[in-house]
Structure formats: C-alpha cells, structure tokens
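These notes are about the structure you will find just below.
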Protein chains: 2
Amino acid sequence: MRCYDLYMKVNDKAYRSIWLNEDGWSVDIIDQTRLPHEFIIKTLQNLEDAAEAIAVMRVRGAPLIGATAAYGVALALRQNPTATHLVETCETLLATRPTAVNLRWALAKAQRLLSGLPREQRVEKAYVMAADICNEDVAINQAIGRHGLDVIRRLWQKKPDDSGAFQILTHCNAGWLATVDWGTALAVIYKAHNEGIPLHVWVDETRPRNQGAALTAWELAAHGVPHDVVVDNVGGHLMQHAQVDMCITGTDRTARNGDVCNKIGTYLKALAAKDNGVPFYVALPGPTIDWQTKDGLNEIPIEIRDSTEVTHVAGKNTAGEVDRVQITPDGVSACNFAFDVTPARLVTGLITERGICEASEAGLLDLYPERKGQTA
Amino acid sequence: MRCYDLYMKVNDKAYRSIWLNEDGWSVDIIDQTRLPHEFIIKTLQNLEDAAEAIAVMRVRGAPLIGATAAYGVALALRQNPTATHLVETCETLLATRPTAVNLRWALAKAQRLLSGLPREQRVEKAYVMAADICNEDVAINQAIGRHGLDVIRRLWQKKPDDSGAFQILTHCNAGWLATVDWGTALAVIYKAHNEGIPLHVWVDETRPRNQGAALTAWELAAHGVPHDVVVDNVGGHLMQHAQVDMCITGTDRTARNGDVCNKIGTYLKALAAKDNGVPFYVALPGPTIDWQTKDGLNEIPIEIRDSTEVTHVAGKNTAGEVDRVQITPDGVSACNFAFDVTPARLVTGLITERGICEASEAGLLDLYPERKGQTA
C-alpha cells in the first residue's frame, strides 16, 4: 500500500498516520492522545478498537477519521462479513463523531462498494477500499499543498522586503496527523517552507484539547518550520499589529454554500482577519465538502464533548510523567462545544485539490461541476 | 478601616481581597495563584513582598494592583521614610506591571500626597491613603454595580418570556478578587442576581492563566450565580446561536478615546458581539481611565509575560496536589501577550461609577467634565 512517497518523519523514520500492520490485516495508528510527550503506536484489531480510537480521539482530523472508519469496516467484516453486520458497523462508526463529514462519506462509499458484493469478497475489497482512501488522501493533500503554495508565493511577493518572515496563523492541527500524510493547511505550509520562503507560524494552542500546542507544534518542529505557540486569545492582537500575513486552517465539514465548520474558535480568528484585512484561507479535500448541506451555520451538527476536556488539562508533570490537572473549582459546570461554523463571507478562499475557489456554492461548483446536477 | 460593608464571603466569613493585618502595619492578601484549590492568606511585610505579589500575580486586577501598590508605599516608607526612597519605591512598583493604569495612578497619588510632607508624617499618611484608596474602590464598585443593574434590567425586560435565563458572557476575572470588594463587571452580575433576575454566566476560562476557570467560577459558585466554564474559543459560537444576551468585562486601562485594554482575547469577543448584535459593555472605575492616552490601540503598552505561562498549566493533579503540566513539546517557543485593546467602535457602553456613557472621548468627558481642560 505504500505506493506514494512517505513524507512525514518521526525520529528520521517515515510514517503515515495510519497503516496496515505487518501481519497484513490489523491496522496501526499513532496514538495522538499521547503526543507530544510519548510516541506510541496502537494496533486496531476489530471494530470496537476502531470506534474507540475515533471516539476518544487517538485519531482525529476529518480525513484521518474517514480513513480509520474505512479500515474499521474492513476489520468488522473480517469478524462477520454479512450485509447486516456491514450496516450495523456503519451505524456504530457513524455514531462516534457527528461533525466531520468524511466519516459519513467513507461509510457511504463502503456501503455502496461492498453491500452488493458476494459475502466472500467483501473483506478483501474493504481493505482495498481503505488503502485507496488513504492513497487518495495523500494525493489530494499534495495537490492542496501545491495550490496553496501559489497563494503564499503571491502574498510573499507583495510583502515589503524589510518586513521579515511570512507570518501565518493556524488553528488546531490540520497537519499530517489529521490526515494520512502531508496534512491540509500544513501541507501548504510545508510546501512553502520547502520552496525556501521564510515562514513563521503562530500556532494557536487550540483549547480544550490543545491540538495546536501538542500536535501542530510537534509536527512543525520535526519539519524545521519556525513557530511560536500562542494561546487562542492572541490572534486578534497579532492581526491588529500586522503580525499575521495570512490565516490558514483545515475544516471538518464545508457546506455547499461555503460555510466552514472547523475546530471551535476558528470563527473568532476569521472575524479578526476580516477586521484587519488579513487573508483567511481554508484548505480542504473534496471529501470534506458536504454537498447535501445548504446552510452550514444553521444545519451542521456541532459535537458537544465531555466537560472534563475543559476542566482538566493533560500534559507532562514536574516528575516527567503524563498526568492531568484540574483547573476549575471542584464541582464546576462546564460546557464543551467542539466546533464552530465560519460563515463563507469571512473566508477569502478555499484551497482544494482542484485549485482555489471562492467560498460559495458557485465557487465550489466551478471546481466540482459534476455536483451541479445534484441538489442539496 | 472596615468602614464599608464586607460583601464577599469565603466559607461564610467576609473578606476583602486586601486588608491591614491585626498587627496594625503588615498587609494581608489572598494568594490568588493558589485558588481555587487552596485558600491561603499571605502577609506582606515590606516593599519587596508587595512588588513580588504584584509581579507574580498573587494579586491581580487593575483596582487591586493599585490598592496593593498603595500599601506597598506605606510598607516601604516604614522601612525608610525619605523622599528619595519614596521616589525609588514608586519606580520599583511601577516596573512590576506595565499595562494596568491604576498602578501609575496610585503611585502618582502617593507622590503627590506624601512627598511634600515632613518625613515623620509620611508613614501614617501613606497608610491612610492606602485605606482611602481601598474604601473608595469599594464605593466605586458598588456604584458600577447599580448602574450596570439598570442595563441588565432593561435588556432583561426586552428578552422574550420563554427564552430562559438572562445569559451573560464574561472574560477573565473582574470580580471582587480583581478589586478590593464587589468587583467591576461581576459587581453588575452580583447586583442583578441579588435583584432576582435569573442569570446564567458563560465564564471564559481565560488562557493562559485561567483567571476565569479558577477565579470567576470560584466567585460565582460562592455567591450562588449559575454558570458554565467554557474555553475562550466558544464565545463566538454561543453568540451565533443566540446564547448570549450581553457581554461584560472589566478593563486594565481605558484610553481617552474609549479604546479598552483588557485581558488578551477580549477583542475577539467584542468582534463576535458586534457580528451578532450582542451588547458589549465594559465596567470600569474612574481610576482605570488613562486620560493621557489618546489612542488606546496604538499607545497602550502590552505586557509580554513569561512563555511558561503558555507552555505549562497549573491545577490539581490526580493525587489531589497542586502541580503543573507541560502541554507543549520540549523546547517549544511560545509567546505570551497578556492584554489586547478593543477599539471603542466595538463597545456598546462604558459602565462607570458615575453612570453609563458611550465609549468615546465625548462620552467620557460627559461623565468626567473636570477632565475637559486637560489635554492628553
């Protein structure tokens, strides 16, 4: 399955974020709940393992959730290849996370490709489909990186000579850990860095789960991209003082009208970008577009996660061990919305594998004309 | 000195946030770096203690910083009452925190009142001045609370009957812990709660130091005000979905033009409030107005604090002890801006001890006509 180049490295060894184990059937992932303090590979052996890994966010990021779900189907069919079990499997996996549309997309693809097959062909075909989804994701992300590089190159050329590195702000982790390889928003940053454009990245820590502080900072450090971690509150101040040349994020679901659902807090950064004339781009693979949702702001379901993600923070304690601390008073009530929706009017452009478009139905249909016949 | 009622209680005992020790000369504070997990009173005995308490934020909040500085002057003069030492003391204290203007205000007042006095009268007069500043702060905050209550009452009456509690979002801690008693923004909330208006408060956790999660939640719980802690990223989403009826914050310095400097991230909430038609009020005591600064956004110095406040989070660990955890990869670079400036155009109104005004020079001068003659 490793037919594409493996780009991202950990201690000089190349990894994807998900891959088939050497045994030829179980599935290995990097346990992202343990990063950046521990690099632990976890092996998924059945449907339950896959569903748990998605639900507790050992894997996260819309594209990687889709890929994991595809492998989850393969593992489930290996346990029981009946059509009934295929349906049940898809229901189980779909229930793990409500917002990322890639989950629904991968499972719909599985149903479509596998349900009509003879039972004895389903397992093999499911593995092929999962590998195809992974390889397609890598190809998509490389294309996103190339198109995004054009944006950065253009903005970089307009930046005054004496104004230092090109400053990018990103929220959450839209890197190779959120996808199979390369990443979406970070693919753009990696391509620009490799091109020799001097970059500096402001990494939003991204409370409550700190994917920026833990994962994006870890990725950028491994790849040698200069960066500073900032709390999520800082971006507005930076933009007011011309410290940001461009914002770029990923998305968990982009609606047909160009509204972008992404990690909670993205909307606030988009408002600040608009208020200060900073370009705000969103990088997204085609499978992240939800063609059935006409109005992102009012229709996309927003996951509410456990309040302990707000009240407790995990990290490495003074003894060097991974622990978590409670930051709130005992017995406090907390509320944990995982995503928000940035209205299309605040988005400068969408960077897809097919090129860049306006955040609007017309813009998206220009790039994906085959969707024109379909109504939401 | 306890000539005003003591409002706020801890375990049924009334406290101010700063008071004269029973010995009649040393000064007691609540060590706010230990809350909400430990309630520890610390005694300041000299200038160094006072300066350290301000610098490491055992006391914080613009009004309380001013009060602590005033007592710091008294403690310093007790050590050495010369005019030279008075000047040096003010310089030392002024250097502890650059943004809150109350520090400068209290120290200017000390210089003005004390420098011309005979040496032997300075200590006593300094203690009287500090007590006056404290008592004045309490009176100011009660007046702010009353004026703010009018705002809430008016908005509450306009809210549809079946739409539940009046929803307030606040950022950081502008409660009694940030002042001598009552608080500024929270004084308004306490007054409305006492009035019987059903409230629910969204408490921004307020990274990096979590004053919302640690202090505001602790205050509101002690006072029985319903609330939920949310990460700083959530406010925009809440406002998009009509879950916030009003935002109210404090301020560390308000410029002559109405620009409001407050805890980092306030600007982002003000943008979201504007985008969603939510009233955004700032509660401020007169001494927090910087009449010398004409343009808040471009002139107010923004404190940059130690990056470990970003990379590490303090709280109660799984063993029940106060510890801190590192959330970022080893060796990461982080940047820690402590405040931002919300442009006056985003502020619905300023709630002062003299009433409510537009966030503008004209609005402020209407309430403080004695400043008309003074130019910035």
Side-chain angles (χ1 to χ4, degrees), chain A residues 35-37 202 205-208 210 213-214 217-218 221 226-238 240 263-269 271-272 274-275 297 302 307 310-318 322-337 339-341, chain B residues 35-37 202 205-208 210 213-214 217-218 221 226-238 240 263-269 271-272 274-275 297 302 307 310-318 322-337 339-341:
Chain A
L35 287 173
H37 308 296
W202 298 107
E205 67 168 340
T206 319
R207 285 278 291 146
N210 300 334
W218 183 79
H227 61 282
D228 273 278
V229 173
V230 287
V231 298
D232 302 311
N233 286 322
V234 165
H237 172 74
L238 292 173
Q240 283 178 314
K263 180 54 37 67
I264 190 80
T266 302
Y267 166 54
L268 294 170
K269 295 301 142 61
L271 284 169
K274 189 74 162 185
D275 199 43
L297 184 54
I302 300 297
S307 65
V310 177
T311 58
H312 291 68
V313 176
K316 190 164 70 171
N317 68 16
T318 43
V322 173
D323 195 2
R324 61 179 206 162
V325 294
Q326 175 188 321
I327 61 169
T328 46
D330 290 341
V332 83
S333 178
C335 195
N336 185 12
F337 298 94
F339 302 93
D340 65 19
V341 175
Chain B
L35 288 172
H37 308 296
W202 297 108
E205 68 168 339
T206 319
R207 285 279 290 145
N210 300 334
W218 184 80
H227 61 282
D228 274 277
V229 173
V230 287
V231 298
D232 302 312
N233 286 322
V234 165
H237 172 73
L238 292 172
Q240 284 178 313
K263 179 57 36 67
I264 190 80
T266 303
Y267 165 55
L268 293 170
K269 293 303 142 60
L271 284 169
K274 189 73 161 187
D275 200 42
L297 184 55
I302 301 298
S307 64
V310 177
T311 57
H312 292 68
V313 176
K316 190 165 70 171
N317 66 17
T318 42
V322 173
D323 195 3
R324 61 180 206 161
V325 294
Q326 175 189 321
I327 61 169
T328 45
D330 291 341
V332 84
S333 179
C335 195
N336 186 11
F337 299 94
F339 303 93
D340 64 20
V341 175

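In the text below, chain A, chain B and the rest are named by the order of the sequence lines, each starting its count at 1. Basis for what follows: all heavy atoms, side chains included, without hydrogens, waters or symmetry-related copies.
- At a 4.5 Å heavy-atom cutoff, the contact between A/H37 and chain B is made by side-chain atoms alone.
- For chain A, the nearby parts of B/F337 are the backbone and the side chain; heavy atoms of each come within less than 4.5 Å.
- Contacts between A/V234 and chain B at a heavy-atom distance below 4.5 Å involve backbone atoms as well as side-chain atoms.
- Residues B/L268 and A/K269 form a side-chain contact, since some pair of their non-hydrogen atoms from C-beta on lies under 4.5 Å apart.
- Between the side chains of A/N233 and B/Y267, no donor-acceptor pair of N or O atoms lies under 3.5 Å.
- Counting heavy-atom pairs closer than 4.5 Å to chain A, the top residue among B/G235, B/G236, B/A217 is B/G236.
- Take A/D228 and apply the salt bridge (Lys or Arg N to Asp or Glu O under 4.0 Å) test, not counting sequence neighbours, and it matches no residue.
- A donor-acceptor pair under 3.5 Å is absent between the side-chain atoms of A/N317 and the main chain of B/R324, judged by distance alone.
- Contact of the A/V325 side chain with the A/H312 side chain is not registered, since no non-hydrogen atoms from C-beta on lie closer than 4.5 Å.
- The candidate with the highest count of non-hydrogen atom pairs below 4.5 Å against chain A, out of B/V229, B/N210, B/I302, B/L35, is B/V229.
- Under the rule for a side-chain hydrogen bond (donor to acceptor under 3.5 Å, both in side chains), the partners of B/K316 that lie at least two apart in sequence or sit in another chain are A/D330.
- When each of B/T311, B/T206, B/V313, B/T266 is scored by its heavy-atom pairs under 4.5 Å with chain A, the top score falls to B/V313.
- Both the backbone and the side chain of B/L297 come within contact range of chain A, judged by heavy atoms closer than 4.5 Å.
- Only the side chain of B/P36 comes within contact range of chain A, with at least one heavy atom under 4.5 Å from a heavy atom of that chain.
- For a residue to count as touching a neighbouring chain, one of its non-hydrogen atoms must lie under 4.5 Å from one of that chain's; by this rule A/A221 does not touch chain B.
- Heavy atoms of A/L238 lying under 4.5 Å from chain B belong exclusively to its side chain.
- When side chains are defined from C-beta on, A/I264 counts as touching B/H237, because their heavy atoms get closer than 4.5 Å.
- Looking at A/S307 and A/N336, their side chains never bring a donor and an acceptor atom within 3.5 Å of each other.
- Looking only at heavy-atom pairs under 4.5 Å with chain A, the residue among B/V332, B/V230, B/T318 that has the most is B/T318.
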